[in-house]
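A quick write-up on the structure given underneath.
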Amino acid sequence: MSILDQIVADKRKEVEERKALFPVKLLEQSPYFEGKVVSMSQYLRRPDKVGIIAEFKRQSPSKGIINNKVSVEKVSIGYMQAGVAGLSILTDKKYFGGKSEDLTTARSFNFCPILRKDFIVDEYQLIEAKSIGADIILLIAACLTPGEIKNLASMAQDLGMEVLLEVHNKEELERSLTEKVNIVGVNNRDLNTFVTDVKTSKELAELIPDNFLKISESGISEPQTVVDLMGHGFEGFLIGENFMKTTSPERACRNFVKGIKELIK
């Protein structure tokens, strides 16, 4: 069993436990459930932004502890002040050290769009995402069937949220793409080796239809890489570890955004 298979198996078990603890009726009573969603697609295309989606991530299966000393309040506010186009908040506890409360905290202090970064495998998680203040959810092609992706994406949009479909290769892209998706994200990390290479984004860029907004994820550590990817049609760039591994993620983000603006002015 691969690490992804194990994560998905654990997630399905976790979801069943959460259903018993927090019924849908309870989630629907959240003040965020009927709230207006902020469009990440629109933010990514704003002329005053450079497409950075900054991630709050304490740990990962491949890297272990990255940074568990900083607060989501301080970092998320700092990210927004740095001029990001959106936030990505990990809510998986077992493998990434996150929790739903991290996203709710970020939501209470920020008005920019927020992605719930988790392993979505059940419709319940979409209602949960809306109840904690998420604007957009992630669907990972590697752990879902095309039918599941279409159904989950459709329900997410019915709830008012946008959908980011994450693919790792051509095969995933071709079998998973649906009109119910708003944004296609190319993850540059090989799930078998955990090696990252932005060449993956460049190779898949021309295969993604122009009606989908394109973002590149993982392995982006230099402003010049962002500018290069812009030349391949990418409008968003999800960066987490590069910021989180520093003592001040928000300062690292601010300097990164500044570096991009200096290159493209």
Side-chain angles (χ1 to χ4, degrees), residues 4 7-8 11-12 15 19 24 27-28 30 32-46 51 53 55 85-92 103 107 112-188 191 200-201 204-218 233-238:
L4 184 61
I7 290 173
V8 171
K11 184 59 62 175
R12 291 189 186 279
V15 169
K19 284 180 182 179
V24 168
L27 298 180
E28 290 175 342
S30 163
Y32 296 111
F33 195 77
E34 298 297 335
K36 184 174 174 59
V37 171
V38 185
S39 170
M40 185 167 284
S41 298
Q42 291 181 12
Y43 260 70
L44 287 171
R45 287 177 166 148
R46 276 177 48 167
I53 303 169
E55 189 160 271
L87 301 172
S88 172
I89 307 293
L90 266 296
T91 57
D92 175 79
L103 196 148
R107 171 82 291 153
C112 64
I114 301 179
L115 166 70
R116 183 191 186 183
K117 189 82 172 292
D118 209 321
F119 298 87
I120 304 291
V121 295
D122 192 287
E123 292 180 352
Y124 173 86
Q125 292 168 283
L126 303 178
I127 298 170
E128 191 176 49
K130 190 75 188 299
S131 76
I132 61 176
D135 302 293
I136 177 170
I137 57 100
L138 173 71
L139 296 180
I140 303 173
C143 57
L144 295 166
T145 67
E148 288 172 330
I149 289 170
K150 190 169 185 177
N151 290 337
L152 289 167
S154 180
M155 181 176 173
Q157 290 193 346
D158 287 345
L159 288 168
M161 294 182 291
E162 290 187 324
V163 179
L164 164 60
L165 173 68
E166 178 180 289
V167 300
H168 297 82
N169 51 52
K170 179 182 178 182
E171 190 273 330
E172 286 181 8
L173 175 65
E174 292 180 341
R175 70 175 168 82
S176 305
L177 206 55
T178 166
E179 72 281 357
K180 297 296 183 180
V181 167
N182 304 95
I183 303 172
V184 176
V186 179
N187 193 323
N188 300 306
L191 288 178
T200 304
S201 283
L204 293 185
E206 62 185 30
L207 303 178
I208 302 172
D210 291 338
N211 55 307
F212 295 101
L213 193 152
K214 297 191 279 280
I215 73 169
S216 182
E217 312 169 28
S218 301
F234 286 90
E235 296 178 83
F237 314 91
L238 196 151

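Counting begins at 1 with the first residue of the sequence.
For residues 127-142, the set of pairs meeting the side-chain hydrogen bond (donor to acceptor under 3.5 Å, both in side chains) definition, not counting sequence neighbours, comprises R18-E128, R107-D135, R116-E128. Pairs engaging residues 149-164 under the salt bridge (Lys or Arg N to Asp or Glu O under 4.0 Å) rule: none recorded [sequence neighbours left out].
To the nearest 0.5 Å, atom CD1 of residue I136 and atom CG of residue L44 are 8.0 Å apart. Remark: I215 CD1 to E235 CD distance equals 11.0 Å, nearest 0.5 Å. The CD1 atom of I208 sits 11.5 Å away from atom CD of E174, with the distance rounded to the nearest 0.5 Å. Atoms CD1 and CG, on I140 and D118 in that order, are 8.0 Å from each other to the nearest 0.5 Å. Between atom CD1 of residue I120 and atom CD of residue Q125 there is a gap of 4.5 Å, rounded to the nearest 0.5 Å. Atom CG of L144 and atom CD1 of I149 lie 5.0 Å apart (nearest 0.5 Å).
When all heavy atoms of L164 and V184 are compared, the pair lying nearest together is CD1-C, 4.0 Å. Smallest separation of non-hydrogen atoms from C112 and Y43: CB-CE2, 3.9 Å. A pairwise comparison of heavy atoms in S201 and S216 identifies OG-OG, 2.7 Å as the closest pair. A pairwise comparison of heavy atoms in E148 and C143 identifies OE1-O, 4.4 Å as the closest pair. Of all non-hydrogen atoms in L213 and S41, the two that sit nearest each other are CD1-O, 3.7 Å. Listed here is the closest heavy atom pair of A156 and I137: CB-CG1, 3.9 Å.
Within 6.0 Å of the CD atom in Q42, the count of heavy atoms belonging to other residues, nucleotides or ligands does not exceed 12.
Two residues are said to be in side-chain contact when any heavy atoms from C-beta on lie closer than 4.5 Å; E166 and L138 meet this criterion. Between L177 and F212, some side-chain heavy-atom pair lies under the 4.5 Å cut-off. The side-chain heavy atoms of K117 and L238, taken from C-beta on, include a pair separated by under 4.5 Å.
With sequence neighbours excluded, the residues that form a side chain to side chain contact (heavy atoms under 4.5 Å, CB included) with K19 are V15, E16, D122, Y124. Looking at residues two or more places apart in sequence or on another chain, you find no salt bridge (Lys or Arg N to Asp or Glu O under 4.0 Å) involving E206. Contacts of E217 classified as salt bridge (Lys or Arg N to Asp or Glu O under 4.0 Å), with partners at least two apart in sequence or in another chain: none. The side chain to side chain contact (heavy atoms under 4.5 Å, CB included) search around E171 returns N169, R175, not counting sequence neighbours.
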### Message
Set out, in order, the CA-CA distance, both residues' side-chain angles and the distance that settles side chain to side chain contact (heavy atoms under 4.5 Å, CB included) for I183 and V163, then state yes or no.
### Response
CA-CA 6 Å; I183 303 172; V163 179; over 6 Å; no
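Each of I114, L115, L90 was checked for a side chain to side chain contact (heavy atoms under 4.5 Å, CB included) with L103, and the lone residue meeting it is I114.
Between the side chains of Q157 and N182, a donor-acceptor pair is found at a separation under 3.5 Å.
Proximity of a side-chain donor or acceptor of N188 to a complementary backbone N or O of S218 within less than 3.5 Å is detected.
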